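Below, each value reflects all heavy atoms present in this structure, side chains not excepted, and no hydrogens, waters or symmetry copies. Just so you know, ligand 1 is whichever comes first in the structure, and atom 1 is the first atom listed for that ligand. Everything quoted here is computed from the prediction, not taken from an experiment.
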Amino acid sequence: MPQPTLKTARIELVPLADEHLELEIELDSDPEVMRYLDKGARSRAATEEAHLRRRRAAEKVPGLGFWVGFVDGDFIGWWILQPPHGPDQPEVEGEAELGYRLLRRHWRLGYASEGSRELLRYGFTELGLSRIFAQTLAINEPSRATMTSAGLTFARAFDSSESFPGAEHGEVEYELTRETYLSQR
Ligand SMILES: CC(C)(COP(=O)(O)OP(=O)(O)OC[C@H]1O[C@@H](n2cnc3c(N)ncnc32)[C@H](O)[C@@H]1OP(=O)(O)O)[C@@H](O)C(=O)NCCC(=O)NCCS
C-alpha cells in the first residue's frame, strides 16, 4: 500500500515528493526550527541530502514515510510516520516513529498535534501498527507537549547518541500502543 494523501479538519497531508525540496530548504534554514535538531540552520546541500534520506524512508515499509502539510494551499511543515531507524530505535516490526517540524510562523496553532492525531489514526486503524513512538531531546518542551497533546505518554529517558548542543541532557521517548489507542476511542 503506497502512502495515501491524508486530511484533517485544516491540513492536507501529502506524501513527500521531489517537488517539495524547496519547502524543506525553507524549513531547515531557520535556526529556531533546528534548535533542538542539529547544529543550527542547515545548508542547502545538507537539506538536499536529508531530502534523499526522507524519500528513502518511504521505501522500507509500504504506507510509511514523510508527509508535507498544507493549509489552504500554504506549506506549513512536515510529519513523519517512519520505520524505526538509528542506534536509539530497535527495529521492531509493526512499530513506527512519529515526528513533525513546522515553519515558525505556524507554531502554537494546534497544527502539529492535529496532524499527529491523523497519523496515529492512520497508523493504527489503516496500517495495523502495534506501537507508535516519538523521540526528542529532553529539553525540547514544545515537542514533548505535542506528544502529550496527541495522546502519547512518557516511555523512557535515555542517553543521546547525538553530539549537537542540548543532547548532553539526554533524550526521551513517548509512546502509544494500538491497544491503548483503540481502548480510548
Ligand atoms: C514542536 C512543534 C512541531 C510544535 O508545533 P505546534 O504546531 O506549535 O504545536 P501545537 O500547536 O499542536 O501544540 C501542541 C501542544 O504543545 C504545546 N506547545 C507548543 N509549543 C509550545 C511551547 N513553545 N512551550 C510549551 N508548550 C508548547 C501546546 O500548548 C499544545 O499543548 P495543549 O494541547 O496542551 O494546549 C514546533 O514547535 C516545531 O516545529 N519545532 C521545531 C522542530 C522540532 O523541534 N520538532 C520536534 C522534533 S522531535
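- Taking every non-hydrogen atom of Y100 and a distance limit under 4.0 Å, the qualifying atoms of ligand 1 come out as 3 (C), 45 (N), 46 (C).
- Considering backbone and side-chain atoms together, T136 places no N or O closer than 3.5 Å to any N or O of ligand 1.
- In summary, the atoms of ligand 1 found under 4.0 Å from a heavy atom of Q135, numbered by their order in the structure, are 48 (S).
- Of the heavy atoms in N140, only side-chain atoms (C-beta onward) come closer than 4.0 Å to ligand 1.
- Here the side chains of L119 and Y100 are not in contact, with every heavy-atom distance at 4.5 Å or above.
- The N/O atoms of L102, backbone and side chain alike, include one that comes under 3.5 Å of an N/O atom in ligand 1.
- Distances from atom 7 (O) of ligand 1 to the heavy atoms of A112, A150, G110 show the closest one on A112.
- Scanning the protein heavy atoms around atom 38 (C) of ligand 1, the nearest turns out to be W107 NE1, 3.3 Å.
- Between R108 and ligand 1, a contact under 3.5 Å exists for at least one N or O pair.
- In this structure, atom 4 (C) of ligand 1 lies nearest to the protein heavy atom T146 OG1, 3.4 Å.
- Proximity of a side-chain donor or acceptor of E97 to a complementary backbone N or O of L81 within less than 3.5 Å is not detected.
- Remark: ligand 1 and S113 share an N or O pair separated by less than 3.5 Å (distance only, no angle test).
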